Amino acid sequence: MSAAVVVVALALVAIGGLAVVVTHDPIRQAVTLSVFGVLLAVLFLVLQAPDVALSQVAVGAAVVPLMVLLAVRTIRRDRR
């Protein structure tokens with residue numbers, strides 16, 4: 001791939017990481033974390049690592065945000 005595509009993918013990952021950090025609400029943070037996982041998967045595809053990209057989609061974009069949402073729900077339910 002051309003260097004411009006790699007630079008754009010890296011910039012999107014940087015912006016996505018910043019969005020995760022500046023988000024304060026845990027539910028919205030889980031959603032932005034999922035988007036960040038997809039952006040990382042795109043970066044891995046651009047860098048020609050499809051196996052890592054597939055793992056990232058499965059874990060970083062699906063499982064981890066789901067676990068965060070379940071933990072937030074459990075904590076909020078226990079506080080009532």
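Everything numeric in this text was worked out from a predicted model, so none of it was measured.
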**OP:** Under the side chain to side chain contact (heavy atoms under 4.5 Å, CB included) rule, what do Leu47 and Val6 come out as? Steps first, then yes or no, please.
**Re:** CA-CA 7 Å; Leu47 294 175; Val6 174; 4.1 Å; yes
**OP:** Can you measure from CZ (Arg76) to CD1 (Ile27) and round to the nearest 0.5 angstrom?
**Re:** 4.0 Å
Original post:
Got a sec, which residues hit side chain to side chain contact (heavy atoms under 4.5 Å, CB included) with Val21, two or more places apart in sequence or on another chain?
Top reply: none
**OP:** Measure the shortest side-chain to side-chain distance between Leu12 and Val42 over non-hydrogen atoms and say whether it is less than 4.5 angstrom.
**Re:** no
Original post:
Rounded to the nearest 0.5 Å, how far does CG of Asp51 lie from CZ of Phe44?
Top reply: 10.0 Å
Original post:
When Ile, Leu, Val, Met, Phe, Trp and Tyr are grouped by side-chain heavy atoms lying under 4.5 Å apart, directly or through other members, which residues fall in the same group as Leu66?
Top reply: Leu70
Subject >> Residue list, side chain to side chain contact (heavy atoms under 4.5 Å, CB included) with Thr23, at least two apart or on another chain >> reply: Arg28, Gln29, Thr32
Original post:
Members other than Val31 in its cluster, when Ile, Leu, Val, Met, Phe, Trp, Tyr link by side-chain heavy atoms under 4.5 Å?
Top reply: none
Subject >> Cluster overlap Val59 with Leu54, hydrophobic side-chain contacts below 4.5 Å >> reply: no
Original post:
Do the side chains of Ser55 and Val52 get nearer than 4.5 Å, heavy atoms only?
Top reply: no
Original post:
Ala9: what forms a side chain to side chain contact (heavy atoms under 4.5 Å, CB included) with it, not counting sequence neighbours?
Top reply: Leu43, Val46
**OP:** Enter the distance from Leu39:CG to Gln56:CD here, rounded to the nearest 0.5 Å.
**Re:** 10.0 Å
**OP:** Please name the residue in the list Val35, Leu45, Val13 that meets the side-chain contact (heavy atoms from CB on, under 4.5 Å) test with Leu40.
**Re:** Val13
Original post:
Distance from Leu18 atom CG to Phe36 atom CZ, nearest 0.5 Å?
Top reply: 10.5 Å
**OP:** Check Ala41 against Ala53 and note the closest heavy-atom contact, atom names and distance.
**Re:** O-CB, 3.4 Å
Subject >> Arg77: side chain to side chain contact (heavy atoms under 4.5 Å, CB included) partners, not counting sequence neighbours >> reply: Arg73, Thr74
Original post:
Is it true that a side-chain atom of Ser34 and a backbone atom of Ala61 form a donor plus acceptor pair closer than 3.5 Å?
Top reply: yes
